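Just so it is clear, the structure is predicted and the values come from calculations on it, not from any experiment.
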Amino acid sequence: MAFTRDTPTPGVRQRTRLSPAWGFVAPFTVMFLAFYLAPIAYALVDSLFATKSSGLGFGPPQRVFVFLRNYTDALSSPAFQASLGRLFLFCIIEVPLMVATATVLALLLETGKALWPRFFRVVYFMPYGVPGVIATLLWGFLYIPATSPVLQGLKAIGIGLVPLSSTNVLFAIANISLWLYAGYNMIILTAALQSIPTEIYEAARIDGAGEWKLIWLIKLPLIRGSIVLVTLFTVIGTLQLFVEPLVLSPLTTAISSDFTPNMAAYANAFTKNNSSVAAAMAVIVAIIAFAMSYIFLRIVNSKGRQAW
Amino acid sequence: MRTTILLGMGVCLALGLAGCSSPDATATTDPPSEAASSAASGPVELTFQSWVPNIDKAVDQFNAAHPGIHVTLETITAGPDGGYAKMFSAVKAGNAADVAQVGYDWLPDFVRNDAAEDISSYFKDSASLFADWQVAAMTFADKVYGVPQASSPLGLYYRSDVFAEAGASVPTTWDEFYDAAKKIHASNSERYIAAFAFNQTPWLLGLSEQAGAVWFAANTDSWTVNIDGPETMKVAQFWQKLIDEDLVKIEADMSSEWYADIQSGNIATWICGSWGDAIIRGNAPDTAGKWAVAYMPQWQAGQKATGTWAGGSANVVLKGTKHPAEAAQFAIWLNSNPESVSTLVSIGAGWPSIKDISSIASLQSDPTVFDFYDGQDIWDVFAESDSNVASRWKWPPLVPSLYSAITDNMKSAIDSKRPLGTAFTQSQTAMVDALKAAGISVS
Amino acid sequence: MVTRSTHPGRSWTWSRIGTTSALLVAAVYFLLPIAWVVIAATKSPGDLFGTNGLWLSDTPQLLHNLQRLFTENNSAFVTWVANSVLYSGLGAFVATLLSTACGYGIAKYSFLGKEKLFALILAGVMVPATVIALPLYFLLNTVDLVGTRLSVLLPSMVSPFGVYLARIHSATVPDEVIEAARLDGAGEGRIFALVAAPMMIPAMVTIFLFQFVTIWNNYLLPLVMLSSEKTFPVTLGLTLWNSQTQRDPYFYTLVVTGSAVSMVVLVGLMMGLQRFWKAGMTTGATKG
């Protein structure tokens, strides 16, 4: 490589060739090791231990090595299994809803047929600046008949919707995520749409393609990479499911303290004072996140060109 | 160098004098020690962690009366919501606060995790000021680990106007409660006598305690756990009947929906501690004059059984403090000085733990409170309830696990329309398993 | 071609009305909670639960609520906003520098293990933040950092996604320019600081904004790390108040007013900088 100016011997050459890059890369890498990889390593180790007392339990507890006991306990607990099942169900509800909404909004805005496109873009993007906890507090008010003008209105016309019932609660949570992130994802997609050269549309129109054909044959295939990115981020986002159910939990019988794996881990760490089980649960979620991202990218990339 | 020596001397002096002086509740200010320490090194700095709203008023009173000690209040996340866990880790890391707010139900876990300081020697002269059963709740293996602040004897808040409109009389027994429930719901289908607060384990626990249940008892080296005994099941069946007949509203208490309902009169009663007054008055000022407080309904007519909202709340000196004597002095003063206790009552901290409440101004006459209840001295009810608390419970470690188990099981029982009793049976199993898994003996 | 062919004239066609109506419906959906909170911020606790949510009460008291919001608990809300600005501003600033340098290093140099390192960093994007937060708490507890502002600041300075963006955007710096600077005798650090970085400013702004919002909206990390309210960011502070509604319903009003205020602040900031979002997203999303 040509990135070195004086290279007297091969040995020194090797070293000087490496050094400038590491000067740029090292600071981030060190922080990344400390705040991303080290916690994961710590969780892996901690998840192999447990705390034990004896008698009435007022003596100091002991730490004992239990190998994979915490994992087998967590995975064999019906409550944790149920929380994993709920997470997958939520994924199945949330991901198509999010990707479809963001794509439809982006396509509608970019047809050029709408009035005030700038206004709409800003309005849709606005919720992204609202922290998840605060959004959940707000929607919590809108999900309760006593404070919700929407539910009061629906009731007046004879529709008795209970958003926080056990059948609806996942949709109620999905709605909060949709509200928060649909606009952000839409911006990613509109940006991709805008980068398509207009000549392509003109050529298609000359060939007699209508708006629908344009969408199916040109726009969607050309923004495929961005759709994949949006899907991937949404999948990762759904695996984080924590704040929304935590904040809604006191309002409904449908959300238990171990509603999602993250909530179960949090409850173990902070309510039950059982960090090892919490660590094991965190590791399980991380493994699922990697597996799902990997499988998703494999499926996407096997069908044609590499997207991401 | 010189300052270090002076500082050391100041601390020794303060410690020595505080140790000698008896922290009498009526004369707790201790001018000699404070003057000495402040002259040498400035006031002793203490940090107090609590989440009781407006408790800063009582802390300010302490600081004003004690020039030698300066207490800084840190408002923290409520203990059960993560505050306690952080105290544990702070103690382990050696950077904990000096004094902390701890519920009676959590105190055993503080002792188990070696996070509470043994304050027996500072507390022994003041012990007689506090209710005996509450001092007992602070005591493990003859050592005292906390200063009781407030208990939560239960009473029945009710909307007299709603009862009058429905032609219902105020219930003295649970049978009458059931009859009133029917009348109130019949008078208006939106109205219910009470909310079934599935979210509130302390409430369920108080109802069970009143029925005579003793969930936990300590033997010499093992625990007896009896969460699903006949007394608890009696309570479960009673509320089951009310739910089945649509006579109570299934609703989390102190939620936005519940607040709207107590304002509108759709929820007509609330069983809770004396601090409930601050909540009702604060939320529903427009209902002034329409509220009253009665003694809890009884299972057998003529009795005066009562329960508590999960015991009460204490101030604990955390392990690792550099000033245990001052910390204990603060905790004792805060919870026994008449003016401070008066403040604590008025901010809604709970029913005072001290025996002699005759000198507590806010309990004697408080027009803003009494007028709201149409002139009733509601404190009479709680004073009587407090004197009848049958403190046969002994909290074991891991009660927090039990709370989340009960709430989860209660939610799922309601959600899948299973009998409420199953929630207690499942929680019994869960608690016994949790204790055993932690190596604690259960008999 | 003066206009894009996708922008036909501004005539009232059916497709125009249909498209605009659909977008209007969506706009109502996105505005509803915001409208609710702004209206709720003008109400007393009693009116909050007793009056229609989308209508002003007879006795609006916005100023009173704002005054209490800014003075309650020794002006705790002001402290929380300041903390949020500190965590988000400083955290995002350092994160931007670190990830830009790293992305640039990966894009412009070849070194042993480069692609492996990049793959590892990308894997970091995939790890849910919730998974990191709990173990990080126990880890930082062993080095006595839990409870300090650093326990939130330091982890916030790492943005794997920023590295990904920076690597892509390094393409805007032509290799010839770097080569020319080298021939002029400039060192590698100097080239980055004086030549490459200025050309990457749009990308850096995007990374900064992205990380700023991520930190601002973060809840779990401060929730597990912090215990003293003096160190709380807005999100945590408002939920602290929300938990106090159990003892004093006035806190509902404070929570609602505080939410409205913090929302207005950040939404305003984001809208002002909207063009940077778009600029960054375009390249970020289509290349790679």
**Request:** Report yes if the side chains of Phe120(A) and Phe30(C) come closer than 4.5 Å at any heavy-atom pair, otherwise no.
**Result:** no

**Prompt:** Side chain, backbone, both or neither: which part of Ala34(A) has a non-hydrogen atom closer than 4.5 Å to chain C?
**Reply:** backbone

**Prompt:** Does Pro33(C) reach the side chain of Leu142(A), with side-chain heavy atoms less than 4.5 Å apart?
**Reply:** yes

**Prompt:** Phe118(C) versus chain A, heavy atoms under 4.5 Å apart: side chain, backbone, both or neither?
**Reply:** neither

**Proximal component of Val133(A), with respect to chain C [non-hydrogen, under 4.5 Å]** = side chain

**Request:** Please name all residues satisfying ring pair (Phe, Tyr, Trp, His ring centres under 6.0 Å) with Tyr294(A), sequence neighbours left out, ordered by chain then number.
**Result:** none

**Atom group of Leu241(A) that falls short of 4.5 Å from chain C, counting heavy atoms** = neither

**Asked** Is a side-chain N or O of Thr19(C) found less than 3.5 angstrom from the main chain of Ala114(A), in a donor-acceptor match?
**Response** no

**Request:** Working to the nearest 0.5 Å, report the span between SG of Cys102(C) and CE of Met31(A).
**Result:** 12.5 Å

**Interface moiety of Ser47(A) toward chain C, non-hydrogen atoms closer than 4.5 Å** = neither

**Asked** Side chain, backbone, both or neither: which part of Ala286(A) has an atom under 4.5 Å from a heavy atom of chain C?
**Response** both

**Prompt:** Between Tyr184(A) and Phe210(C), what is the ring plane arrangement, given parallel below 30°, perpendicular above 60°, and tilted in between?
**Reply:** tilted

**Prompt:** Ile134(A) versus chain C, heavy atoms under 4.5 Å apart: side chain, backbone, both or neither?
**Reply:** side chain

**Message:** Shorter than 4.5 Å, heavy atoms on both sides: which option in Val130(A), Val285(A), Val150(A) has the most such pairs with chain C?
**Reply:** Val130(A)

**Prompt:** Quick one: what part of Trp139(A) sits under 4.5 Å from any heavy atom of chain C, side chain, backbone, both or neither?
**Reply:** side chain

**Tyr124(A) side chain to Leu23(C) backbone, donor-acceptor under 3.5 Å** = yes

**Prompt:** Got Lys113(A) and Thr20(C) here, is their nearest side-chain heavy-atom distance under 4.5 Å?
**Reply:** no

